[in-house]
Amino acid sequence: RPIAADPRVAVFPADGRHLGFPDISQMDGIFVKGQVFDLRELLRDDALARQFQRGAMVLSRLCPVDYHRFHFPVGGLATEPRVLNGWLYSVSPIALRQNIRIFTENKRAITRIESPEFGTVLMLEVGATNVGSFAYTFTPNTRVAKGAEKGYFKFGGSSTITLFEPGRVKLDDDLLAHTAERRELYARMGDRLGVAA
């Protein structure tokens, strides 16, 4: 699978349907009018929530037919995933339009990637209906290459979330244009999602 070679380019971590938000703090009501996407609830870490509150976010949603391994969007030092237990609600577009808080309630795991080009990047795997577990194939607390395999979902479709600190990434125009129309962009793992700012 080709991976965008430039170290200043970040890539999609999975095959699937993607949404990109340049500023997480401006997401209120993006899916359902009046619903707030709560970064503090997502991360369960007040310091991290403050660090990323005006950062960029890419949601990558896998369907059952998609390739079910996920990969690192940037290169750097990757930590041990921190698992946050929760429910396994569906992450289908219909379910998300009814309740964006599904992402903050489902089982998920958070990995920090310390990247020379992008600073601290967070990557989360989110469980869903029939996806109670994800397995990791990388060695934590080591340097990983952009595009290197991180792990896989065991069954069904699910999601990954990639978070960038404020001012560290410029998301690509096609991703932003699709998101502005509330339409997911289909792209494959290794395709470019943005460039270091």
Side-chain angles (χ1 to χ4, degrees), residues 1-20 42-45 48 52 56-92 102-104 106-165 168-169 184-194 196:
R1 182 71 68 87
I3 307 295
D6 187 339
R8 292 181 52 79
V9 167
V11 299
F12 289 107
D15 289 7
R17 294 132 194 89
H18 311 275
L19 295 168
L42 177 73
L43 302 175
R44 288 193 201 162
D45 185 312
L48 271 185
F52 285 84
M57 177 168 67
V58 175
L59 300 177
S60 302
R61 188 177 63 82
L62 291 71
C63 288
V65 296
D66 288 318
Y67 167 69
H68 260 52
R69 292 178 184 262
F70 42 85
H71 297 247
F72 288 100
V74 299
L77 179 64
T79 65
E80 181 86 36
R82 176 169 59 99
V83 177
L84 304 176
N85 282 313
W87 302 101
L88 294 172
Y89 298 126
S90 170
V91 293
S92 74
I102 286 170
F103 283 124
T104 66
N106 276 17
K107 177 181 176 180
R108 56 205 180 277
I110 304 170
T111 303
R112 291 182 193 231
I113 309 162
E114 298 299 337
S115 164
E117 294 79 22
F118 294 90
T120 301
V121 177
L122 300 183
M123 185 178 176
L124 291 79
E125 292 75 48
V126 181
T129 307
N130 297 326
V131 193
S133 59
F134 20 82
Y136 294 105
T137 56
F138 81 106
T139 303
N141 303 312
T142 60
R143 295 207 166 275
V144 297
K146 176 176 61 176
E149 183 180 295
K150 185 182 182 196
Y152 57 92
F153 291 110
K154 289 201 171 178
F155 182 73
S158 196
S159 298
T160 68
I161 299 175
T162 307
L163 300 174
F164 296 88
E165 294 175 292
R168 295 308 298 257
V169 69
E184 294 168 314
L185 171 71
Y186 182 80
R188 300 178 71 190
M189 184 282 293
D191 291 344
R192 171 181 161 140
L193 70 78

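FYI, side chains are in, hydrogens and waters are out, and symmetry mates aren't considered; it's all heavy atoms of this structure. The first residue of the sequence shown is numbered 1, and numbering continues consecutively from there.
The two residues I113 and P73 make their nearest non-hydrogen contact at CD1-CD, 4.1 Å. Among all heavy-atom pairs drawn from F164 and A10, the shortest one is CZ-CB, 4.0 Å. The minimum heavy-atom distance between R168 and G119, with the atom names listed, is NH2-N, 3.3 Å. Looking at every heavy atom in both residues, S115 comes nearest to V74 through CB-CG2, 4.0 Å. Minimum interatomic distance between P13 and T162 (heavy atoms only, all atoms of both residues): CG-OG1, 3.8 Å. Shortest non-hydrogen contact noted between Y136 and A109 is OH-CB, 3.1 Å.
To the nearest 0.5 Å, atoms CZ (R112) and CG (L77) are separated by 11.0 Å. If you take CD1 on I3 and CZ on R188, they are separated by 10.0 Å, rounding to the nearest 0.5 Å. Atoms OG and CG, from S60 and L185 in turn, are 10.0 Å apart once rounded to the nearest 0.5 Å. Here the CE atom belonging to M57 is positioned 7.5 Å from the CG atom belonging to L42, to the nearest 0.5 angstrom.
Between the R82 side chain and the I110 main chain, no donor and acceptor come within less than 3.5 Å of each other. Under a 3.5 Å cut-off, the side chain of E117 and the backbone N or O of R8 do not form any donor-acceptor pair. Under the 3.5 Å distance criterion, the side-chain polar atoms of H18 are left unmatched by any main-chain donor or acceptor of F12.
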Criterion side chain to side chain contact (heavy atoms under 4.5 Å, CB included) on V11 and H71, from CA distance to verdict: CA-CA 9 Å; V11 299; H71 297 247; over 6 Å; no
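The shortest distance between side-chain heavy atoms of V169 and V58 does not fall below 4.5 Å. Using a 4.5 Å heavy-atom threshold, the side chains of I161 and L122 count as separate. You'll find the side chain of L48 stays beyond 4.5 Å of the side chain of L163, heavy atoms only. Contact check for T120 versus F52: side-chain heavy atoms found under the 4.5 Å cut-off.
A search for ring-ring contact (aromatic ring centres under 6.0 Å, His included) contacts involving Y186 returns nothing, not counting sequence neighbours.
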Please tabulate, for side-chain N and O atoms in residues 137-150, each donor-acceptor pair with protein atoms closer than 3.5 Å (sequence neighbours left out).
unit_1 : atom_1 : unit_2 : atom_2 : d
T137   : OG1    : E149   : OE2    : 2.7
T142   : OG1    : T139   : O      : 2.5
K146   : NZ     : A4     : O      : 2.6
K146   : NZ     : D6     : O      : 2.6
K146   : NZ     : V9     : O      : 2.8
E149   : OE1    : R69    : NH1    : 3.4
E149   : OE2    : R69    : NH1    : 2.9
K150   : NZ     : T111   : OG1    : 2.9
K150   : NZ     : E125   : OE1    : 3.1
K150   : NZ     : E125   : OE2    : 2.8

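Using cut-offs of 30° and 60° for the angle between ring planes, the F153 and F134 rings count as perpendicular.
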